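In what follows, a single structure is set out as structure tokens and then discussed.
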There are 2 protein chains.
Amino acid sequence: MRNKQTFNYDRSRIPLYLQVASVMRQRIESERWKQGEKISTIEELETEFGVARVTIRQAIEILREEGLLDARQGRGTFVSGRPKDKHWFNLANDLESVVSSIKNNVIRIVHIEENAEAPSLEENEGRPASGYILLRSVQFSDGEPFVVVNLHLARDIFVRDRKRFTRQPALPRILEMRDIALAHAFQTVTIGVADPETSELLEIGLGEPTADCRLVLVDDAGVALYVAKYNYHRNSFALRRDLLPRPKAAKAARARKKSKSR
Amino acid sequence: MRNKQTFNYDRSRIPLYLQVASVMRQRIESERWKQGEKISTIEELETEFGVARVTIRQAIEILREEGLLDARQGRGTFVSGRPKDKHWFNLANDLESVVSSIKNNVIRIVHIEENAEAPSLEENEGRPASGYILLRSVQFSDGEPFVVVNLHLARDIFVRDRKRFTRQPALPRILEMRDIALAHAFQTVTIGVADPETSELLEIGLGEPTADCRLVLVDDAGVALYVAKYNYHRNSFALRRDLLPRPKAAKAARARKKSKSR
DNA sequence: CTCAATTTGTTCGTATGTATG
DNA sequence: ACATACATACGAACAAATTGA
């Protein structure tokens with residue numbers, strides 16, 4: 001008979017103690033295990049995760065090194081901290097706020113390719129420009145890298161302000177160009193994994209998850225001027241919004257007359 | 001001298017051959033290694049990744065099992081497929097489409113708690129209802145589980161249609177209640193990891209990344225009626241939208257007169 | 001103060017997985 | 001394919017610190 005764990009282990013191949021540590025870290029992060037609180041005993045965790053004592057201890061050891069847990073012989077194991085403050089990058093919900101939030105970011109260009117291959121475009125993402133520049137940059141917050149950007153920028157846009165495009169985020173500069181009329185700004189968010197380059201730049205492990213955000217700007221002539229892939233550090237990514245737009249206000253008001261309970 | 005690889009390995013602790021496999025998979029997925037093409041020889045890969053021959057072979061073996069690579073003695077290794085099509089679940093951009101997309105989903109309730117603890121609410125997420133029901137369910141697509149939902153539902157809502165709330169997605173049913181006026185539908189998307197329960201239900205490894213989506217419905221009296229956490233399988237999650245709303249059309253039209261190049 | 005229960009710390013033996021050359 | 005070294009995981013036994021009866 002195979003127990004639950006061999007089962008889980010079969011599924012992921014990643015060392016068990018890392019998997020366990022990962023879950024426990026999340027519990028601290030989400031405050032399911034609160035600051036200063038005593039967590040379950042090793043034996044309870046053994047049962048819950050269905051792994052050996054030593055494996056739980058290895059996981060605890062990792063979190064201890066990260067300063068999240070503090071184990072005391074005879075007393076128990078306590079939460080001694082939370083994962084270092086994540087400076088959430090709040091993925092904005094419209095272009096204006098995307099722009100204002102990144103305008104003053106510290107960026108470091110790590111690669112420029114003057115005659116880059118055209119990026120591949122989806123069905124409805126417009127047609128390619130006549131030539132592209134490839135810019136790879138890293139953006140920092142509090143000295144920590146939090147996103148790697150791979151940008152294909154239409155060459156004729158790039159040459160209009162070489163200097164600035166190689167020093168500051170491109171988006172604000174493009175929006176400043178009054179003669180450019182954007183028809184669409186397609187954004188797609190998925191979960192990806194760090195390739196060697198990204199892992200190097202974001203200072204995370206190869207294969208660790210990232211939030212991958214693709215942004216394609218299409219002008220009114222149907223040309224994809226700006227095709228970028230943002231690889232966010234998993235911890236500095238969040239997206240918040242209210243799905244209820246104004247129109248609902250009418251409905252709300254209408255209903256308010258009828259019932260006012262709860 | 002430590003090479004690039006030892007460096008990454010130190011950072012991630014995940015077995016080397018998995019890291020290598022992860023990178024090679026990415027190359028196939030991104031078509032850097034195209035379908036049917038012969039990839040580099042093992043010796044070249046050895047050098048590139050700075051690992052032993054056997055380690056490369058282990059990585060190739062994994063991708064072979066996934067049907068992505070085909071190694072032939074004396075000839076070389078060839079790309080024989082792309083990662084299996086992910087049936088993206090397209091996270092909708094407004095409540096109406098969220099509802100219509102899930103209305104007919106197959107769900108399986110795995111847990112009901114009639115007297116649940118109140119969910120913790122953020123600053124602006126309203127005040128708690130007088131009582132909550134906790135419903136945990138799994139939703140399937142093509143027989144594959146793709147999302148686990150933990151829902152705290154206000155008890156007075158639940159009792160109005162016990163039957164349906166325990167069989168079908170709650171959201172459509174709530175929107176049908178004409179006497180309920182929603183003021184907000186707050187959504188937050190982050191990247192999380194699978195805990196034992198979620199990993200079991202989604203059939204993924206413990207600690208694997210998930211897209212965590214929190215949805216809070218607040219009525220016009222400021223009560224949080226519906227507080228849910230959706231844990232999506234990483235491969236069935238995507239969020240697409242156009243950041244340019246109608247208003248921009250005016251600007252586009254204005255600019256169109258001026259320039260029409262590119 | 002002592003004792004027992006609880007809880008973490010340590011060690012052994014064994015089996016299998018990972019990585020090198 | 002082989003020899004070697006080290007890491008991962010299990011189960012079990014025992015040691016050491018803490019707590020409260």
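No experiment lies behind these values; they were computed from the predicted model shown. In the text below, chain A, chain B and the rest are named by the order of the sequence lines, each starting its count at 1. Note: hydrogens, waters and symmetry copies are ignored here, and every other heavy atom, side chains too, is used.
A close approach under 4.0 Å does not occur between any side-chain nitrogen or oxygen of A:Arg75 and OP1 or OP2 of C:dT6. Residue A:Thr55 places no side-chain N or O under 4.0 Å from the OP1 or OP2 atom of D:dT8. For the OP1/OP2 pair of C:dT6 and a distance below 4.0 Å, the side-chain nitrogens and oxygens of A:Thr41 include no atom meeting the criterion.
Closest contact between the side chain of A:Gln58 and the listed nucleotides D:dA17, C:dT18, D:dT8 involves D:dT8. Of the candidate nucleotides C:dT20, C:dT7, D:dC10, C:dT7 has the atom nearest to the side chain of A:Lys38. The side chain of A:Val51 lies closest to D:dC10, out of C:dG9, D:dA9, D:dC10. Residue A:Arg53 places its side chain closer to C:dT8 than to any other of D:dA9, C:dA19, C:dT8. The side chain of A:Thr77 has C:dT8 as its nearest neighbour among C:dT8, D:dT8, C:dA19.
The backbone N or O of A:Ser199 sits nowhere less than 3.5 Å from a side-chain atom of A:Glu208 that would complete a donor-acceptor pair.
Taking atom CD on A:Gln73 and atom P on C:dG9, their separation rounds to 6 Å, with Å as the unit. Here D:dA7 presents its C1' atom at 12 Å from OH of B:Tyr17, a figure rounded to the nearest Å. The separation between A:Leu45 atom CG and C:dT7 atom P is 11 Å, rounded to whole Å. Computed from coordinates, the A:Glu61 CD to D:dA9 C1' distance equals 17 Å when rounded to whole Å. For A:Asp70 and C:dT8, the CG to P distance is 12 Å, given to the nearest whole Å. A straight line from CD1 of A:Ile14 to C1' of C:dG17 spans 15 Å, rounded to a whole angstrom. A:Ile60 places its CD1 atom 17 Å from the C1' atom of D:dT8, with the value rounded to the nearest Å. Rounded to a whole Å, the CZ atom of A:Arg64 is 5 Å from the P atom of C:dG9.
In terms of heavy atoms, B:Ala118 sits closest to B:Tyr132 at CA-CD1, 3.9 Å.
Salt-bridge formation is not detected for the pair B:Arg240/A:Glu123: no Lys NZ or Arg NE/NH1/NH2 atom is positioned less than 4.0 Å from an Asp or Glu carboxylate oxygen.
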Please output the side-chain donor-acceptor pairs of residues 65-79 of chain B that fall under 3.5 Å, not counting sequence neighbours, one pair per line with the distance.
residue: B:Glu65; atom: OE1; partner: A:Arg13; partner atom: NH2; Å: 3.3
residue: B:Glu66; atom: OE1; partner: B:Arg25; partner atom: NE; Å: 2.9
residue: B:Glu66; atom: OE2; partner: B:Arg25; partner atom: NH2; Å: 2.9
residue: B:Asp70; atom: OD2; partner: B:Arg72; partner atom: NE; Å: 3.1
residue: B:Asp70; atom: OD2; partner: B:Arg72; partner atom: NH2; Å: 3.1

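For the salt bridge (charged side-chain N to carboxylate O under 4.0 Å, His left out) test, no residue two or more places apart in sequence or in another chain qualifies with A:Arg32.
Here D:dA13 sits opposite C:dT10 as a Watson-Crick or G-U wobble pair (both hydrogen-bonding atom distances under 3.5 Å).
Of the two residues contacting DNA chain D, namely A:Gly74 and B:Val54, the nearest-nucleotide position lying further toward the 5' end is that of B:Val54. Residue A:Ile56 is the one, among A:Ile56 and A:Arg72, whose nearest nucleotide of DNA chain D lies closer to the 5' end (criterion: closest heavy atom).
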